[in-house]
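Contents: one structure, followed by commentary.
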2 protein chains.
Amino acid sequence: MDSVFNQIRPYKIPEEIVHQIKSLIKEGKLQPGEKLPPERTLAEHFGVGRSSLREAINILETLGFVEIKKRKGIYIRSVSSPIMSDPLIQILEEDESNLYKLYELRKDIELASTYMAAEHRTSSDLSKMLKPLKRMEEDAERAHFSLSDDVEFHLAIAQATHNFLRVHILKNILDLADDYMGLIAWKLIEETTGVFLILDQHKKIYEAVKKKDPHGARSMMEEHLTWVEEKWKAFGTK
Amino acid sequence: MDSVFNQIRPYKIPEEIVHQIKSLIKEGKLQPGEKLPPERTLAEHFGVGRSSLREAINILETLGFVEIKKRKGIYIRSVSSPIMSDPLIQILEEDESNLYKLYELRKDIELASTYMAAEHRTSSDLSKMLKPLKRMEEDAERAHFSLSDDVEFHLAIAQATHNFLRVHILKNILDLADDYMGLIAWKLIEETTGVFLILDQHKKIYEAVKKKDPHGARSMMEEHLTWVEEKWKAFGTK
DNA sequence: AAAATGTGATGGTCAGACCAAGCTAACTAA
DNA sequence: TTAGTTAGCTTGGTCTGACCATCACATTTT
């Protein structure tokens with residue numbers, strides 16, 4: 001533990017320290033489970049104040065590189081599971097009820113998309129919607145339900161607005177809620193009627209988009225999303 | 001900013017603070033872009049030492065909830081990154097014509113927000129809308145126009161939906177278009193009538209939200225956004 | 001040998017101080 | 001009057017030194 005640590009000089013002391021220790025871990029000079037010297041000693045090694053050293057260690061702990069054990073010391077962690085999750089994901093994971101906020105946003109975007117899709121859809125857009133619809137129809141006969149077909153259908157509508165942002169954002173939102181979407185799909189298979197109902201709703205949306213009826217398409221989509229939402233909430237309370 | 005912060009007592013002070021601030025963001029009591037009081041003041045509010053407060057802020061920064069700007073202050077960040085993902089932002093910055101797509105999305109979200117705001121607004125929401133409105137009124141007399149007041153008004157509407165995601169996403173979108181928004185603002189000042197027109201539109205939106213008229217509010221907002229869009233396109237082609 | 005005691009090590013917290021770098025406003029010089 | 005300058009304030013960044021609570025471990029006592 002003699003001179004592995006280089007003196008700090010130029011800018012943003014804690015970040016420099018973070019960088020150095022990260023490098024040492026990467027180079028294997030600091031092994032997982034290894035104990036670092038106490039704060040005071042470390043600060044002296046680096047030639048910085050204890051506050052700066054502490055900040056650095058805190059950042060490293062937040063990032064998951066080290067673990068601070070009270071009255072024990074600072075230990076290098078195995079960085080096998082780098083779960084660097086995004087702030088929004090943290091909030092969503094914290095409390096499931098936040099997913100309803102996300103669903104609200106999805107509705108905002110999808111309802112607007114459906115309206116515009118009905119106005120601007122081309123025949124090629126229609127066939128893109130039809131593909132997952134057909135597959136879902138076949139599945140329904142066997143009381144199956146494939147979430148990916150459902151997603152594909154909704155994305156096809158977003159695509160029909162000819163605004164790539166709507167597609168990507170919707171996809172991002174659906175990915176965020178993926179776990180729970182899967183749960184809903186699972187439940188739907190149990191009650192076979194649900195599968196047929198969704199299929200029927202999708203068909204009606206498709207028809208409205210096909211005949212270029214923005215208001216109709218929009219309200220069908222609203223009905224559909226609201227139905228799913230209620231189903232979802234019902235499952236959630238069980 | 002009086003008593004949003006609760007005194008800290010029990011265990012692990014910095015983590016308590018982190019939790020409180022995360023909650024405040026989730027509840028929408030801290031808006032994206034909002035500036036927190038300086039460290040010393042915050043520490044006093046929480047009743048803790050500056051070191052502890054600093055640790056908390058550092059953790060929040062590492063997690064991506066706040067941004068620390070030297071000699072400026074601590075700012076709440078938009079937590080919508082998985083939705084408005086980096087690659088998406090890159091694409092947007094690459095090609096100016098994509099901004100029209102972005103504006104479409106903004107309309108989707110703001111129209112839905114305005115509708116819901118008119119349904120759910122509280123009196124406190126109204127006063128948050130009123131503040132930038134009043135400032136804009138005073139500015140208009142002097143043929144001034146402050147973009148930040150405009151943004152604040154729109155964000156206040158999003159806030160009135162009581163869905164923090166809407167606020168964060170809208171802020172994100174507005175930030176992305178910031179340069180161009182600034183350009184529009186500049187042009188508007190040249191033709192004084194534009195400033196008054198915007199003020200008038202804002203007022204009408206406010207009134208509709210106040211009297212809980214979702215459809216009215218929505219269509220006023222649509223009129224407003226469409227007008228700005230046309231103005232913008234007109235400038236763009238010059 | 002077992003129990004009680006004490007001492008030191010360690011992270012947690014606080015208070016106060018100084019610095020550098022921006023911002024603002026008052027001031028000075030043209 | 002105007003433009004440039006200066007002085008002071010604010011803010012995050014950093015350092016120092018101090019005190020606390022708790023645990024580990026060695027020492028002492030029974």
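Chain letters run A, B, ... following the sequence lines, proteins first, then strands; residues in each count from 1.
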* **Distance-only polar pair, side chains of A:D95 and A:S97, donor-acceptor under 3.5 Å** => yes
* Structure fact -> With five pairs defining each end axis, the helix from C:dA1-D:dT30 to C:dA30-D:dT1 comes out bent, to 10°, by 30°
* **Residues B:S148 and B:S146: side-chain donor-acceptor under 3.5 angstrom** => yes
* Structure fact -> Closest to the 5' end of DNA chain C, once B:L53 and B:R50 are matched to their nearest nucleotides, is B:L53
* Asked: Do B:T114 and B:R218 have side-chain N/O donor and acceptor atoms under 3.5 Å apart?
  -> no
* By side-chain contact (heavy atoms from CB on, under 4.5 Å) - contacts of B:P214 (at least two apart) -> B:Y115, B:A118, B:E119
* To do: Establish whether the base of C:dG16 is bridged to the side chain of B:R40 by a donor-acceptor pair shorter than 3.5 Å.
  => no
* Specify the separation, in whole Å, of atom NZ of A:K69 and atom P of D:dT22. => 20 Å
* To do: Report yes if at least one side-chain N or O of B:S51 is closer than 4.0 Å to OP1 or OP2 of C:dA15; otherwise report no.
  => no
* Is B:E229 salt-bridged to B:K233, cutoff N-O under 4.0 Å? -> yes
* Asked: Would you say a side-chain N or O of B:K72 is under 4.0 Å from OP1 or OP2 of C:dA21?
  -> no
* **Nucleotide of C:dT13, D:dT11, D:dT14 approaching B:P38 most closely (side-chain heavy atoms)** => D:dT11
* To do: Ignoring backbone atoms, test whether B:R71 places a side-chain nitrogen or oxygen under 4.0 Å from the OP1 or OP2 oxygen of C:dG22.
  => yes
* Asked: Charged N to carboxylate O under 4.0 angstrom, B:D139 versus B:R135?
  -> no
* Using whole Å, report how far CD1 of B:I74 lies from P of D:dT10. => 16 Å
* **Nearest-nucleotide 5' precedence on DNA chain D, B:G73 against A:G49** => B:G73
